[in-house]
There are 2 protein chains.
Amino acid sequence: MMMADDDLLALRLRALAHPARLAIVRALAAADRCQCGEIVRGLTLAQSTVSQHLKVLKEAGLITGTIEGPRSCYCLDRETLAVLAGQVGGLFAALEDGQRNPAPRADALVSSPSTPI
Amino acid sequence: MMMADDDLLALRLRALAHPARLAIVRALAAADRCQCGEIVRGLTLAQSTVSQHLKVLKEAGLITGTIEGPRSCYCLDRETLAVLAGQVGGLFAALEDGQRNPAPRADALVSSPSTPI
DNA sequence: TGCCTCCATCGTCCATCGACGATAAACGAT
DNA sequence: ATCGTTTATCGTCGATGGACGATGGAGGCA
């Protein structure tokens, strides 16, 4: 498959980047228990739509799903979410080797009066 | 505008959820200096495309842009990114009041033999 | 066996995204 | 005043996303 790091990161961020999927993740975080039907009843969305959102989250590795008899149970993959949070945090802390938090290059900002866009 | 919290969070996540925009953010994190032209030369994308990506990041509040004479300079909004990272982290730590990291509800998982989907 | 519930998948429709080239606007330099 | 450079915006096009209803399969129960 050859998926670049940033492609995977982008995939996971995109999976989170929808209000309905955020609601699903929050529900799973609060309950740690799953039950697809409960999620559907909590969301005012069609069952098929919720199922698709769950699929997106599952394919991104953010949740796991198990079949339990007649119903499906979903759980957060807290470890993947923790890694994701760390990656987002690493975006602005940056420069993992060498100095961290480099001082702003003042010389880049003094040449002419600058106005906010 | 009445933007719900999750809508704003989703907007910011969606802004990050693209390899090109991740590359832009990384470049800004590494250099702390901006120059639209440099970003364009680093990306193998058309200048208009990069400009659109910068616009998305700016509208999400993840970067700031200033006009400096004939050119534009972009910088990371590290504070917003930090808040974002915290929000992602809060998704799996959840339950901000009451106990944190609740024990898994074992009873939800023992009713029948479960198989991974 | 037959029904009912639960859920995943399919097909469709409309909206948005991502890419590009072309154009316009702002500015410095000649 | 004009030209070249730099960047933002517009218009377009194909691809993808998100919503839905309909369908189908798996499993529990009468």
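Note that this is a predicted model, so its numbers are computed, not measured. Throughout, a chain's letter reflects where its sequence line sits, starting with A, and its residues are numbered from 1.
Straight-line distance from the CG atom of L11(A) to the P atom of dC17(C): 18 Å, rounded to whole Å. Between L16(B) atom CG and dG18(C) atom P the separation is 12 Å, expressed in whole Å. Rounding to whole angstrom units, CD1 of residue I39(B) and P of dT7(D) are separated by 9 Å. In this structure, the CZ atom of R41(B) is 11 Å from the C1' atom of dT5(D), given to the nearest Å. Between the CG atom of L43(B) and the P atom of dG18(C) there is a distance of 14 Å, rounded to whole Å. The CG atom of L54(B) sits 12 Å away from the P atom of dA19(C) (whole-angstrom rounding). Atom CD1 of I63(A) is separated from atom P of dC7(C) by 13 Å (rounded to the nearest Å).
Over its full length, the helix from dT1(C)-dA30(D) to dT30(C)-dA1(D) turns its helical axis through 10°, comparing axes from the five pairs at each end and rounding to 10°.
Residues passing the side chain to side chain donor-acceptor pair (under 3.5 Å) test with R12(A), sequence neighbours excluded: none. Among residues two or more places apart in sequence or in another chain, the side chain to side chain contact (heavy atoms under 4.5 Å, CB included) test is passed with A17(A) by L13(B), R14(B). A82(B) is linked by a side chain to side chain contact (heavy atoms under 4.5 Å, CB included) to F92(A), counting only residues two or more places apart in sequence or in another chain. Residues satisfying the side chain to side chain donor-acceptor pair (under 3.5 Å) test with H53(A), not counting sequence neighbours, are R21(A). For D77(B), there are no salt bridge (charged side-chain N to carboxylate O under 4.0 Å, His left out) partners, not counting sequence neighbours.
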List, one per line, each side-chain donor-acceptor pair under 3.5 Å for residues 35-46 of chain A, sequence neighbours excluded.
unit_1: E38(A); atom_1: OE1; unit_2: R33(A); atom_2: NH1; d: 3.1
unit_1: E38(A); atom_1: OE2; unit_2: R33(A); atom_2: NH1; d: 2.9

Where along nucleotides 10-27 of chain D does protein come under 4.0 Å, by heavy atom, of base (B) or sugar-phosphate alone (S), with - for untouched nucleotides? --------SBBBB----S
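Counting only residues at least two apart or in different chains, ring pair (Phe, Tyr, Trp, His ring centres under 6.0 Å) contacts with residues 24-44 of chain B are absent.
No continuous path of ILVMFWY side-chain contacts below 4.5 Å connects V56(A) to I63(A), so the two sit in separate hydrophobic clusters.
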